[in-house]
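Working notes, beginning with the structure itself.
Below, each value reflects all heavy atoms present in this structure, side chains not excepted, and no hydrogens, waters or symmetry copies. Just so we're on the same page: letters track the sequence lines, and every chain starts at 1.
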Amino acid sequence: MSVVATDIRADFPVLAREVNGHPLVYLDSAATAQKPRQVIETMERFYSESYGTVHRGVYELGREATELFEGARERIAAFLGWPADCSIFTRNATEAINLVAYAWGRENAGAGDEVLITEMEHHSNIVPWQLLCEDTGARLRYLSVSEDGELSLDELSSVLAEGRVKLLAVTHVSNVLGTVNPVEEIARLAREAGAVTVIDGAQAVPQMPVDLGAIDADFYAWTGHKALGPATGMLHGRRELLKEMRPFLGGGHMISRVERENSTWNELPWKFEAGTNAIAEAIGLGAAIDYLAEIGMERVREHERDLAAYALERLPAVDGITLYGPPSVERRGGVIPFTIEGMHPHDIAELCDRQGVCVRAGHHCAQPLMRLLGVGATARASFHVYNRREDVDRLVDALGMARKVFDL
Amino acid sequence: MDALYRDYILDHYKNPRNFGELEPHDLEFHDHNPLCGDELGVHIVVEDGRVKDLRFHGHGCAISQAAASITSEELIGMPVSEVPGLDADWVIDQLGIEISPTRRKCALLGLKVMRGATTGDASWPE
């Protein structure tokens, strides 16, 4: 039975609406999550009562805005178990990864080095490394994904043992397959081999307890909009590395002193936050994290596991369906990719929408993985705290109706 | 009956006309829809300045496959010089269904590739 959803749905205003004459069933939280009124109201209150720029104004509004903004950073960092001064607000997870690729990668990778990623990465954790390798002459390598959608630590160990991997970038939870990777073990193996680790936590932070101190990666990137918050991201980095790195973007706020020919840099984390921040978004993300902390991430994870298990039990009843990803819900998050014989995922999503059910269709920004699965695209249902088992039933019904339209 | 997935659309999807490859061929083109990863290629045989034969191949949704199938039927026999002048409205007229902005590129991929074979231009039909 659902662990959290029943008493929580009222917090999400969008769930009250209808789509195409049916109550909305939102099953695309892996793409972006809906927002609770606590987040919406926090941002509205900030804009209505306290809006001002941060770290600049001596006046009251500026002081309040700075307190709210830095307070959000501190609570978010504490929630994930990482120092606030090593937690940088970015535009999104993509920008966070690019920050590492430019500010660390361009200074440290070169010919003869390898950048190791995996076949299950999102484009945002592939393309920045392709660009890095093009610029520096380093070689891009991929760890393979098994038929069950998992990585092999043996393969990782043997690649690391060759001694050329300078940087390892891997996703915590796959956005396509839902696979939960053993990032603590992966970071440990990389550290022992002298490689820097970058973990893409975009799908992990929203749906499970994440303890960055325990994972102990060098960099961890994620984004707020999948975690019930607005579109602003974060990069958590190891202090020694952040200190020695050059800035990513130059501009206001990230400097200590600007001379005609050169400048010195602000302290962490502001050295990496050039220009005016997305202040309301950062404060909104603080509210989203407060909201998740109030529920408790163990309960969120349990809820996702319950819905994934229920979906894996119910969906095989749909004729012609193929499910992808790890068969065990212990090793997968709340993401269920599927295809139906004789119906393209776009058409599945279009026909589900007629029934008010939102599912994603496409390559999920993971084209190399799609080629590996041997499909051009999949449909994907993904869950968050506001979903319930009835939503899975509604999906199963919608898929049945879709098959009828296609005369299957 | 469904307003989008009409019988003839589904028929073209399930039994695409002119599907496959042509060897040898005079013109060819291959492209994809970056939004969804759908891919389409085309081979064209030209005789006396007209499209004598045409085959398309690849994978895509019902709308993109049906649009490619319907477009292929219209193109066979057409003077090659007329193909570059075909536009988005023409395809949507041929399809005979209302196309929402989210499915527009699905409907246009076939013409994009077939037009591309005659011009080398990979831009989307306007």
Problem set entry | Over 12 non-hydrogen atoms of neighbours within 6.0 angstrom of CD in B:Glu23 | yes
Exercise. Hey, is the main chain of A:Phe406 close enough, under 3.5 Å, to the side chain of B:Lys14 for a donor-acceptor pair?
Worked result: yes
Problem set entry | Segment of A:Met370 engaging chain B (4.5 angstrom heavy-atom cut-off) | neither
Exercise. Taking NZ, NE, NH1 and NH2 as the nitrogens, is one of them in B:Arg103 or A:Asp347 under 4.0 Å from a carboxylate oxygen of the other?
Worked result: yes
Exercise. Counting heavy atoms not belonging to A:Glu18, are there more than 12 under 6.0 Å from its CD?
Worked result: yes
Problem set entry | B:Arg17, CZ atom: more than 12 neighbouring heavy atoms under 6.0 Å | yes
Seminar exercise, completed: One should read off an interatomic distance between B:Tyr5 OH and A:Arg354 CZ, to the nearest 0.5 angstrom, of 6.0 Å
For this session: First locate atom SG of B:Cys106, then atom CD of A:Glu350, and finally report the distance between them rounded to the nearest 0.5 Å.
Result: 8.5 Å
For this session: Considering only heavy atoms and a distance below 4.5 Å, find which of B:Ile63, B:Asp7, B:Leu10 pairs most often with chain A.
Result: B:Leu10
Exercise. Could you give the distance from CG (A:Asp407) to CG (B:Asp2), rounded to the nearest 0.5 Å?
Worked result: 12.5 Å
For this session: Say whether A:His346 and B:Asp38, considering side chains only, have a donor N or O and an acceptor N or O under 3.5 Å apart.
Result: no
Problem set entry | Main-chain N/O of B:Pro34 paired to A:His363 side chain as donor or acceptor, under 3.5 Å | yes
For this session: Please indicate whether B:Asp48 has more than 12 foreign heavy atoms, meaning atoms of other residues, nucleotides or ligands, lying under 6.0 Å from its CG.
Result: no
Exercise. If you draw a 6.0 Å radius around CE in A:Met401, do more than 12 non-hydrogen atoms from other residues or ligands fall strictly inside?
Worked result: no
